Structure formats: C-alpha cells, structure tokens
Amino acid sequence: MFQAMCVSCHGPTGKPPDAMVVRLGVRDLTDPTVRTRLTVAHVEAQVRTGSANKLMPSFTGAMTDEQIKAVAAFVASDRFVRR
C-alpha cells in the first residue's frame, strides 16, 4: 500500500524528494525526530483525515479500512526504516 499510495510524496524509502519538502512541507518519515511521533494511531489518523494544513489529502474512500491500518502499522514499525 505504501508503494501504491504514499511514494509519490514521501519517496520509496520514506525520505521525500527535496521538491516535495520545499513545495508541500512533506515530512521525512525516516528522520529520527519524526519517528518518535509516528505511532500507529498517529499515522492512521493522518491517513484518514489528511494533514492539518490539508496539503496531504484524506485517503478515506481511496483506501479500505484494512489498507489504512496496514499502511499505518508498516510506517510506524521499525521494519519501515530497516528495509
């Protein structure tokens, strides 16, 4: 799911292209400071509702409940940064 829905903004490893950081403020999901806040619940809420500034859209409707839970668990896991 991450590859299909998230890579265009967050990059294949979670580190976004510089242009996405400058243009949209996309967070580096591999940054240790960011990772301390990336709980499954936080990622799931972000995917469901989008970002507070609405630059990241809500994926409710574009992804099933199971897909949202799966991508949230993956992004919040240690496995995400070790791949």
Side-chain angles (χ1 to χ4, degrees):
M1 259 345 292
F2 184 84
Q3 293 300 319
M5 303 300 283
C6 309
V7 165
S8 61
C9 292
H10 289 285
T13 65
K15 183 170 179 56
D18 291 339
M20 294 305 282
V21 174
V22 171
R23 197 169 109 219
L24 299 176
V26 175
R27 302 233 189 256
D28 178 353
L29 301 178
T30 66
D31 181 286
T33 304
V34 171
R35 299 240 15 112
T36 63
R37 297 188 310 265
L38 291 182
T39 64
V40 173
H42 176 80
V43 176
E44 188 175 330
Q46 190 85 348
V47 173
R48 287 187 191 286
T49 62
S51 61
N53 63 12
K54 296 302 175 195
L55 294 176
M56 177 179 158
S58 164
F59 285 90
T60 298
M63 296 168 69
T64 67
D65 189 57
E66 293 78 22
Q67 290 170 327
I68 291 172
K69 288 178 180 183
V71 81
F74 174 62
V75 169
S77 75
D78 291 339
R79 196 173 46 135
F80 181 78
V81 292
R82 283 189 268 158
R83 56 193 169 92

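None of these values were measured; they are calculated from a predicted model.
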On the 0 to 90° scale, with breaks at 30° and 60°, tag the Phe74-Phe80 ring pair as parallel, tilted or perpendicular.
perpendicular
For the student: nearest non-hydrogen atoms of Pro16 and Cys9, plus distance:
CB-O, 3.2 Å
With a 4.5 Å cut-off on side-chain heavy-atom distances among I, L, V, M, F, W and Y, is there a chain of contacts connecting Val40 to Ile68?
no
Write down the atom of Gly14, the atom of Asp28, and the distance for their closest heavy-atom approach.
O-OD1, 3.4 Å
Note: Ala76 and Thr39 closest approach over all heavy atoms is CB-C, 3.7 Å
Which pair of heavy atoms, one from Val47 and one from Met56, lies closest together, and at what distance?
CA-CE, 3.8 Å
So if I apply the side chain to side chain contact (heavy atoms under 4.5 Å, CB included) rule between His10 and each of Thr30, Val75, Leu29, which one comes out positive?
Leu29
Sequence-distant partners of Thr33, side-chain contact (heavy atoms from CB on, under 4.5 Å), two or more places apart
Asp31, Arg37
Could you see if Leu24 belongs to whatever hydrophobic cluster contains Phe2? Use Ile, Leu, Val, Met, Phe, Trp, Tyr and a side-chain cutoff under 4.5 Å.
no
Arg35 side chain to Ser77 main-chain N or O, any donor-acceptor pair under 3.5 Å?
yes
Could you tell me whether Arg48 and Asp65 make a salt bridge, using a distance below 4.0 angstrom between a side-chain N and a carboxylate O?
yes
Met5-Val7 co-clustered via ILVMFWY side chain contacts under 4.5 Å:
yes
Could you report the tightest heavy-atom contact between Val21 and Val26, atom names first, then the distance?
CG2-O, 3.6 Å
What's the separation between atom CD in Gln46 and atom CZ in Phe59, rounded to the nearest 0.5 Å?
10.5 Å
CG of Asp18 to CZ of Arg23: how many Å apart, nearest 0.5 Å?
13.0 Å
Can you tell me how far apart CE (Met1) and CE (Met63) are? Round to the nearest 0.5 Å.
4.0 Å
